[in-house]
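Letters go in sequence order (proteins before strands), and every chain restarts at 1.
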Amino acid sequence: MRMSQLFSTTLREVSADAEVASHQLLLRAGYIRQLASGIFSYLPLAQRALKKVEDIIREEMDAIGGQEITMPVVHPAEIWQRTGRYYAIGSEMSRFKDKNERDMVLAMTHEEVVADLVSREIKSYRQLPQLVYQLQTKWRDDPRPRSGLIRVREFTMKDSYSLDADWEGLEKQYRAHYQAYFNIFHRCGIGAIAVASDTGMMGGKVAHEYMYLTPIGEDTLLLCDGCGYSANRQIATFQREGADREDLLEKEEVETPNMQTIEELAAFLDIPTSRTSKAVFMMATTGEGEAQQDRFVLAVIRGDMEVNETKLANAVGAREMWPASAEEIAAVGAVPGYGSPLGVEGALVVVDPSVADAANLAAGANRAGFHTRNVNCGRDYTPDITTDIAAAGEGDGCPRCGKPMRTSRGVEVGNIFQLGTKYTDALGGEFLDADGKTQPVIMGSYGIGVGRLLACVAEESHDEHGLIWPISIAPYQVLITLLAKGEGEAQTTAEAMYHQLREQGLDVLLDDRRENPGVKFNDADLIGIPVRLTVGDRGLKKGVVEFKLRRDSERSEVPVDEAVERAIGAVRQLEGELSDRIVEVPYSE
RNA sequence: CGGGGUGUGGCGCAGUCCGGCUAGCGCACCUGCUUUGGGAGCAGGGGGUCCUCGGUUCGAAUCCGAGCACCCCGACCA
């Protein structure tokens, strides 16, 4: 490609809206342009890089037995109604009617369509196992797109679906993905870790998320350096200290004027915050279809701990949860700032073991200006549910080995789910087993956000001057910077190298623009092509051209007739370094 | 959906508080000449519904009202 013909141009300045490095650089270097919130165009340079990422994914999927297919972006609502997700998912799924007034949806994922295909294609256990995948557009009307390509509404996802006759088969395909995903991320030049995760709207039991660790990540992870335990904070558990045995004391109301926070209360009563309990008021939508209802949830936890809303939502079976309003709180007889389950009616009371197992805690009296000492769960109020709803944090003990855990931020670049039969049950995805019995096909689903992955690579690999692409996904492998505006020896030489490198099968970009050298060098750094040859009259007088790797600061001179070979050698070496990073990763639950 | 912020040539901004005459600046773009190894110089030039609608006024980018879009922080996802 000749840079003079390139569709996109680089920008000197970029909107102040772009905050993260990948967003700024992809905009400035002319890779992407935003059309609307969370909706981007991918210009030629990005398209080429994305294509390379996709091809790496295809190779790894094919290697574990995948067959590529393409499923529709527009689905009839009916299949989503049959699995219940039409009702369980909120405004994130876009719905519309076709010209015949038939309800339709835009695809946010494809379990339903796969299950429908299974019902049509799979008849016998002899046809299993199967693995199908696609690279296709998803639309998720996300409540809050952000950080450029990290979180968008329209995006390309690689989604694969495993189909098995039994759970052992699912486990096998699941583990194959587990390793294939590491291969994909390593080949794209980033590290990622697999963490145990919530299953969210997918349902199912076992799930892992692949996290690229970065401070700009939206997820908080708990990691144990002792035993390797890792989990998303949404589901992370931790070791609880054993509760001291204490005799239950008489409860006693005390005046606590203007003590609305746990810290103020604990200081006032001269007790540690761990001797208090606090209440969190939420509204939760539970049930499905006709049975759907909004319930008031009162969550109780020790004063020094935080409620984990994902755990709480899972505990009460909520599909949506949001903070209760002042009116709703008053309606059950609770008082904000002085809240507890004492005397509350009509609320679903969920108690964390930190409170259920402790004795004589200070809690709100549900009366403005008063708290109650020596409150005991079970004696003074009865919980509807007692379960872990506590958020794990930095320093909490690892649930496996007890060592203090650390936290880290991460971006979810992929996930894998053991789904089971939820979708095939709902949509008739059945087969006959060897005994002639009808069985539901067991599914797994596995996703990778392609654009998000590209953005993570950009986050991982850049400097103050611009992008530094790994050779595997760089839009071009070699850039020839021609420092001459007119015809002459430099132009002739650069053109010759351009053709030779292309004949060798390399992706080459030739900067033949009529620009000053400074502009070309700065754009070269910005765009991030890994290998650069600079051809100018000054070097040619000495019979050399300049060779430089984007990631290195040093440049070297090579004789003109060795330059092509040198560039090819550099590309091969960079490729070799990347493939050396592919390692077997032990499976961890 | 709650809180905060921003909308002015392609991009980045000033002007808005305190209404005023051809709406400025930098970058980018076009033409010519010069320059040519780390974002060149001079000269000339093109391009703007000042987010939209409504109102106040002799007069609105500026004041008032409503709406829309985008960004950031929270609840949610690849």
**Study point:** Distance-only polar pair, side chains of Y174(A) and S162(A), donor-acceptor under 3.5 Å
**Key:** no
Exercise for review: Between G539(A) and G38(A), name the one whose nearest nucleotide on RNA chain B is closer to the 5' end.
Suggested key: G539(A)
Check your understanding: What do you reckon, do W322(A) and the base of A75(B) stack, with centroid distance below 5.5 Å and planes below 30°?
Key -> no
Review point. Taking the side chain of Q34(A) as heavy atoms from C-beta outward, which of A78(B), C71(B), G38(B) is closest to it?
Key: C71(B)
Check your understanding: Regarding N232(A) and E209(A), is there a side-chain donor-to-acceptor distance under 3.5 Å anywhere?
Key -> yes
Point to revise | Base-pairing mate for G74(B) - Watson-Crick or G-U, with both contacts under 3.5 Å | key: C1(B)
Exercise for review: Have a look at G90(A) and say if it touches a base, only the backbone sugar-phosphate, or nothing, with a 4.0 Å heavy-atom cut-off.
Suggested key: nothing
Practice item. Would you mind telling me which residue lines up with the more 5' stretch of RNA chain B, K548(A) or M282(A), judged by nearest nucleotide? Key: K548(A)
Check your understanding: With rounding to whole Å, what would you report as the distance between C21(B) and U34(B) at their C1' atoms?
Key -> 40 Å
**Study point:** Pairing partner (Watson-Crick or G-U wobble, both distances under 3.5 angstrom) of C68(B)
**Key:** G7(B)
Review point. Is there a donor in the side chain of E112(A) and an acceptor in the side chain of T83(A), or the other way round, less than 3.5 Å apart?
Key: yes
Check your understanding: Heavy atoms under 4.0 Å, any strand shown: does S197(A) hit a base, just sugar-phosphate, or nothing?
Key -> nothing
Exercise for review: Determine which nucleotide pairs with A14(B), using a 3.5 Å limit on both distances of a Watson-Crick or G-U wobble pair.
Suggested key: none
Point to revise | Exercise: identify the closest heavy-atom pair between A490(A) and D537(A) | key: CB-OD1, 3.5 Å
Point to revise | N415(A) vs A78(B): side-chain N/O to OP1/OP2 distance below 4.0 Å | key: yes
Practice item. Could you tell me whether E309(A) contacts a base, only the sugar-phosphate backbone, or nothing, with contacts defined as non-hydrogen atoms closer than 4.0 Å? Key: sugar-phosphate
Check your understanding: Among the nucleotides C77(B), A78(B), C71(B), which one has an atom lying closest to any side-chain atom of D219(A)?
Key -> C77(B)
Check your understanding: Please give, in whole Å, the distance from A78(B) C1' to E54(A) CD?
Key -> 14 Å
Practice item. Mind calculating the distance between CG (D141(A)) and P (C76(B)) to the nearest angstrom? Key: 17 Å
Exercise for review: Check every strand shown and say whether R532(A) touches a base, only sugar-phosphate, or nothing at a heavy-atom separation below 4.0 Å.
Suggested key: base
**Study point:** Interatomic distance at C1', A61(B) relative to U16(B), whole Å
**Key:** 7 Å
Exercise for review: Validate the cation-pi geometry between R85(A) and Y423(A): distance from NZ or CZ to the six-membered ring centre under 6.0 Å, angle to the ring axis within 45°.
Suggested key: no
Could you list, one pair per line, each protein nitrogen or oxygen that sits under 3.5 Å from a nitrogen or oxygen of nucleotides 29-31 of chain B, together with the distance?
none

Exercise for review: Return yes when atom CD of E306(A) has more than 12 non-hydrogen atoms of other residues, nucleotides or ligands closer than 6.0 Å, and no otherwise.
Suggested key: no
**Study point:** Pair R538(A)-L483(A), side-chain contact (heavy atoms from CB on, under 4.5 Å): steps then yes or no
**Key:** CA-CA 9 Å; R538(A) 207 172 77 182; L483(A) 299 181; over 6 Å; no
Practice item. Would you indicate what V411(A) reaches in the nucleic acid, counting non-hydrogen atoms under 4.0 angstrom: base, sugar-phosphate, or nothing? Key: nothing
Review point. Touch check for D523(A), heavy atoms < 4.0 angstrom, all strands: base, sugar-phosphate only, or nothing?
Key: base
Check your understanding: Does R140(A) have a side-chain nitrogen or oxygen under 4.0 Å from the phosphate oxygens OP1 or OP2 of C77(B)?
Key -> no
**Study point:** Q134(A)-H110(A) side chain donor-acceptor pair, cut-off 3.5 Å
**Key:** yes
Practice item. Whole angstrom is fine here: how far is it from CZ in R151(A) over to P in C71(B)? Key: 12 Å
Practice item. Please determine, for G46(B), whether a Watson-Crick or G-U wobble partner exists with both distances under 3.5 Å, and give it or none. Key: none
Review point. Can you tell me how far C1' of G39(B) sits from CD1 of I527(A), to the nearest Å?
Key: 13 Å
Point to revise | Nearest-0.5 Å distance, CZ of residue R532(A) to CG of residue L549(A) | key: 10.5 Å
Review point. Can a donor-acceptor pair be found between the side chains of Y181(A) and K158(A) at a distance below 3.5 Å?
Key: yes
Review point. Given atom CD1 of I150(A) and atom P of C73(B), what is their separation to the nearest angstrom?
Key: 12 Å
Check your understanding: C30(B) and C64(B): how far apart are their C1' atoms, nearest whole angstrom?
Key -> 43 Å
**Study point:** Between R409(A) and T214(A), a side-chain donor and acceptor under 3.5 Å
**Key:** no
Check your understanding: From the list G39(B), C76(B), C71(B), which nucleotide is the closest neighbour of the side chain of T10(A)?
Key -> G39(B)
Review point. When the P atoms of C76(B) and A40(B) are considered, how many whole Å apart are they?
Key: 49 Å
Exercise for review: Tell me what R33(A) touches on the nucleic acid: a base, only sugar-phosphate, or nothing, going by heavy atoms under 4.0 Å.
Suggested key: nothing
**Study point:** Whole-Å distance separating the CG atom of D17(A) from the P atom of C70(B)
**Key:** 11 Å
**Study point:** Assigned partner base of A23(B), Watson-Crick or wobble definition, under 3.5 Å
**Key:** none
Point to revise | side-chain N/O R144(A) vs A75(B) OP1/OP2, d < 4.0 Å | key: no
Mind listing the N/O atom pairs, protein and nucleotides 12-16 of chain B, below 3.5 Å?
none

Practice item. Give a yes/no answer on whether the side chain of R12(A) brings an N or O atom under 4.0 Å of OP1 or OP2 in G10(B). Key: no
Review point. Taking atom P in both G15(B) and C42(B), what distance in whole Å separates the two?
Key: 27 Å
Review point. Is there a donor and acceptor pair closer than 3.5 Å between the side chain of D525(A) and the base of G38(B)?
Key: yes
**Study point:** Donor + acceptor pair across side chains of D62(A), Y133(A) (<3.5 Å)
**Key:** yes
Practice item. Pick base, sugar-phosphate or nothing for G536(A), based on heavy-atom distances below 4.0 Å to the nucleic acid. Key: base
Practice item. Might you work through the salt bridge (Lys or Arg N to Asp or Glu O under 4.0 Å) test for E394(A) and R233(A), ending with a clear yes or no? Key: CA-CA 10 Å; E394(A) 182 88 35; R233(A) 185 175 193 171; over 6 Å; no
Exercise for review: With P as the reference atom in both, quote the distance from G48(B) to C11(B) in angstrom, rounded to an integer.
Suggested key: 14 Å
Exercise for review: For V413(A), answer base if it contacts any base atom (sugar-phosphate contacts may also be present), sugar-phosphate if it contacts only those atoms, and nothing otherwise; contact means non-hydrogen atoms under 4.0 Å.
Suggested key: sugar-phosphate
Check your understanding: Between T10(A) and D523(A), does any side-chain donor sit less than 3.5 Å from a side-chain acceptor?
Key -> yes
Point to revise | T156(A) vs A78(B): side-chain N/O to OP1/OP2 distance below 4.0 Å | key: no
Review point. Whole-Å distance between U6(B) C1' and E19(A) CD?
Key: 13 Å
**Study point:** Integer-rounded Å distance: C73(B) P and D142(A) CG
**Key:** 13 Å
Practice item. For A75(B) versus G12(B), give the span between their C1' atoms, rounded off to a whole number of Å. Key: 34 Å
Review point. With sugar-phosphate meaning primed atoms plus P, OP1 and OP2, does A36(A) contact a base, only sugar-phosphate, or nothing at under 4.0 Å between heavy atoms?
Key: sugar-phosphate
Check your understanding: Is a donor-acceptor contact shorter than 3.5 angstrom present between the side chain of R538(A) and the base of G38(B)?
Key -> no
Exercise for review: Could you tell me whether R514(A) contacts a base, only the sugar-phosphate backbone, or nothing, with contacts defined as non-hydrogen atoms closer than 4.0 Å?
Suggested key: nothing
Check your understanding: Does C33(B) have a Watson-Crick or wobble partner in any strand here, with both distances under 3.5 angstrom, and which is it?
Key -> G41(B)
